[in-house]
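Following: one structure in structure tokens, then a few remarks.
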Amino acid sequence: MALVRHFINGQEVGEPTRTGVIYNPATGQAQHDLVLGSVADVESAIAAAKAALPAWRRTSLVKRSDVFFRLRHLLKERTPELAAIVTSEHGKVLSDAAGEISRGLENVEFASGLTHLLKGEHSEQVSTGVDVHSVKQPVGVVGCITPFNFPVMVPLWMVASAIACGNTVVLKPSEKDPSAAIFLAKLFQEAGLPDGVLNVVHGDKVAVDTIIDSPDVAAVSFVGSTPIAKAIYLRAAQNGKRVQALGGAKNHMVVMPDADIPGAADAAISAAYGSAGERCMAVSVLVAVGDVADELVEAVRSRMGGLVIGDGTDSASEMGPLITREHRDKVASYVTNAPAEGATVVVDGTLQKFDNDGFFVGVSLIDNVTTDMKVYTDEIFGPVLAVVRVANYDEAVELINSNQFGNGVAIFTRDGATARQFEFDIEVGMVGVNVPIPVPAGVYSFGGWKDSLFGDAHIYGPESVQFYTRSKVITTRWPKPSESQINLGFPSNH
């Protein structure tokens with residue numbers, strides 16, 4: 001099998017001292033070996049990034065911007081090739097993989113405007129003969145640790161912003177589907193990015209710990225599960241680093257009695273089962289308000305049988321497999337154990353049979369779920385939709401606000417006053433009104449509240465510029481020699 005290696009200082013390197021296996025989730029077959037980085041490998045990548053930092057930081061903003069304009073062209077041109085890599089290692093259907101690339105491109109386009117984004121401020125004559133101005137400067141070497149579910153989009157959300165701001169990067173992608181990261185690094189190189197500015201190392205906890213403990217890494221960006229996000233945030237922050245760590249989610253979709261039920265059902269199907277539910281913004285809880293529940297559950301159930309599940313390379317497939325056999329079995333366990341907790345399994349996707357040994361599972365719908373059940377409390381990260389019935393709007397808001405996660409939420413209603421009140425009341429970072437997956441456009445930033453985010457800064461967009469730069473304020477005065485005098489008093493603005 002082909003060997004996937006690191007990309008350090010512009011070259012593919014790495015000896016297979018320790019290796020992992022990359023599977024094709026649609027077949028269950030091993031397709032590549034992966035070099036798992038040692039401490040020395042990761043330190044080599046950090047050293048390359050550190051060495052490249054002074055020259056990249058001095059590079060003019062116009063030249064940096066040119067890299068991103070060329071990268072945008074290359075990504076558009078090579079989208080089919082890159083999407084095929086994503087599908088082969090993650091399993092999502094090709095159209096979904098292409099959609100992921102297009103959302104990553106939004107941040108490349110945002111980063112292309114870095115000459116505007118990195119503008120400082122200037123105040124003239126704040127005191128007699130004294131001016132003040134501010135500048136935004138890079139933080140240094142940045143460690144980016146990205147998840148398996150978006151092997152292109154999330155790296156572009158982090159890496160593009162960090163590099164545009166003048167930093168250099170060590171990217172540690174998921175070991176389950178790492179080839180897309182190597183492809184991206186080579187596209188950056190082809191677009192004119194100097195060697196060492198972007199380095200990719202593969203690995204497990206050894207690689208992660210080396211990044212977050214290194215004194216040469218100034219900032220860490222992470223997306224993954226909540227327990228790991230919290231651990232990385234605490235450890236990296238203790239090491240004096242700037243940290244943004246995005247964690248898990250339990251996203252609710254509220255359906256009010258006045259909602260368009262067929263439209264809400266279509267949205268619930270799309271948001272719950274797209275990409276096999278392996279999205280941190282997937283809807284996993286359908287909150288049925290008042291007497292809408294029976295009609296809503298039946299509308300969702302009636303649509304589920306028509307979904308085509310299969311190999312992501314088949315144009316007829318609407319949903320692919322899960323990422324690993326172990327994850328598939330874990331997801332299935334939530335469905336098989338739900339009746340023992342008192343829930344009603346309306347559609348049991350674990351009973352669906354598939355022709356090969358891929359990591360497939362059917363879509364499931366579970367009704368009469370309560371907040372003490374594991375199908376509600378846990379982030380399942382699979383094609384399982386739970387239905388919680390509440391009496392009214394206030395109960396729906398209380399349900400969501402009391403949940404430990406606060407990533408995304410949606411409300412479906414025809415009433416503008418209800419929607420506006422929901423926007424005001426809800427304690428969640430991203431809100432959709434008749435939009436089931438409210439991922440913001442690239443000119444905003446992405447991130448949740450509560451246990452869905454550790455750190456102050458959201459990812460991509462304007463907040464990423466704040467995260468990847470440090471502000472420096474300069475006060476200047478150019479007095480005439482005759483004006484010089486000793487003054488031990490506290491400086492005043494007069």
So that I know where these two stand, are Tyr23 and His90 an aromatic pair - ring centroids less than 6.0 Å apart?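 Ring centroids of Tyr23 and His90 are no less than 6.0 Å from each other.
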Check: [Y] main-chain N/O paired with [X] side-chain donor or acceptor under 3.5 Å:
| X | Y | answer |
| --- | --- | --- |
| Lys92 | Met319 | no |
| Glu100 | Val152 | yes |
| Asn356 | Ala26 | yes |
| Arg328 | Pro321 | no |
| Ser88 | Ile85 | yes |
| Tyr393 | Met256 | no |
| Thr226 | Asp451 | yes |
| Asn337 | Ser333 | yes |
| Glu395 | Ala391 | yes |
| Ser317 | Gly320 | no |

Count the heavy atoms belonging to other residues, nucleotides or ligands that lie under 6.0 Å from [atom1] of [X], then report whether that count exceeds 12.
| X | atom1 | result |
| --- | --- | --- |
| Lys330 | NZ | no |
| Asp372 | CG | yes |
| Gln352 | CD | yes |

Student check: side-chain heavy atoms of [X] and [Y] closer than 4.5 Å:
| X | Y | result |
| --- | --- | --- |
| Tyr273 | Leu365 | yes |
| Ile380 | Ser284 | no |
| Arg78 | Leu187 | yes |
| Leu198 | Thr168 | no |
| Val387 | Ile366 | no |
| Val21 | Asp33 | yes |
| Arg64 | Val197 | no |
| Asn401 | Ile426 | yes |

Is the closest basic N to carboxylate O distance between [X] and [Y] below 4.0 Å?
| X | Y | value |
| --- | --- | --- |
| Arg301 | Glu298 | yes |
| Glu89 | Lys176 | no |
| Arg389 | Asp367 | yes |
| Asp357 | Arg325 | yes |
| Arg70 | Glu190 | no |

Practice item. May I have the step-by-step check of side-chain contact (heavy atoms from CB on, under 4.5 Å) for Cys144 and Lys172, ending in yes or no? Key: CA-CA 6 Å; Cys144 297; Lys172 207 297 285 184; over 6 Å; no
[X] and [Y]: side chain donor to acceptor below 3.5 Å:
| X | Y | result |
| --- | --- | --- |
| Thr413 | Asp258 | yes |
| Tyr468 | Gln244 | yes |
| Glu278 | Asn149 | no |
| Asp195 | Gln189 | yes |
| Thr344 | Asn368 | yes |

**Request:** Hey, can you tell me if Phe354 and Phe360 have their rings parallel, tilted or perpendicular (30° and 60° cut-offs)?
**Result:**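 Ring orientation, 0 to 90° scale: parallel.
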### Query
Using the ring of each side chain (for Trp, its six-membered ring), is Phe446 parallel, tilted or perpendicular to Trp157, with breaks at 30° and 60°?
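Geometry flag for Trp157 against Phe446: tilted rings.
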Test log, rule side-chain contact (heavy atoms from CB on, under 4.5 Å), inputs Val297 and Val346: CA-CA 9 Å; Val297 169; Val346 179; 4.2 Å; yes
Q.
Using the side-chain contact (heavy atoms from CB on, under 4.5 Å) criterion, which residues pair with Pro462? Sequence neighbours excluded.
A.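 Pro462: side-chain contact (heavy atoms from CB on, under 4.5 Å) contacts with Phe110, Ser445.
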Leu399 vs Val287, side-chain contact (heavy atoms from CB on, under 4.5 Å): CA-CA, chis, key distance, verdict: CA-CA 9 Å; Leu399 173 80; Val287 183; 3.7 Å; yes
* Asked: Just how far is it from atom OG of Ser161 to atom CZ of Phe467, taken to the nearest 0.5 Å?
  ->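 CZ of Phe467 is found 11.0 Å from OG of Ser161.
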(message) Nearest 0.5 Å, please: how far is CG in Asp96 from OG in Ser275?
(response)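 The CG atom of Asp96 is 4.5 Å from OG of Ser275, to the nearest 0.5 Å.
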task = Check side chain to side chain donor-acceptor pair (under 3.5 Å) between His202 and all other residues, then give those that pass, not counting sequence neighbours.
result =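 Once residues adjacent in sequence are excluded, His202 has no partner under the side chain to side chain donor-acceptor pair (under 3.5 Å) criterion.
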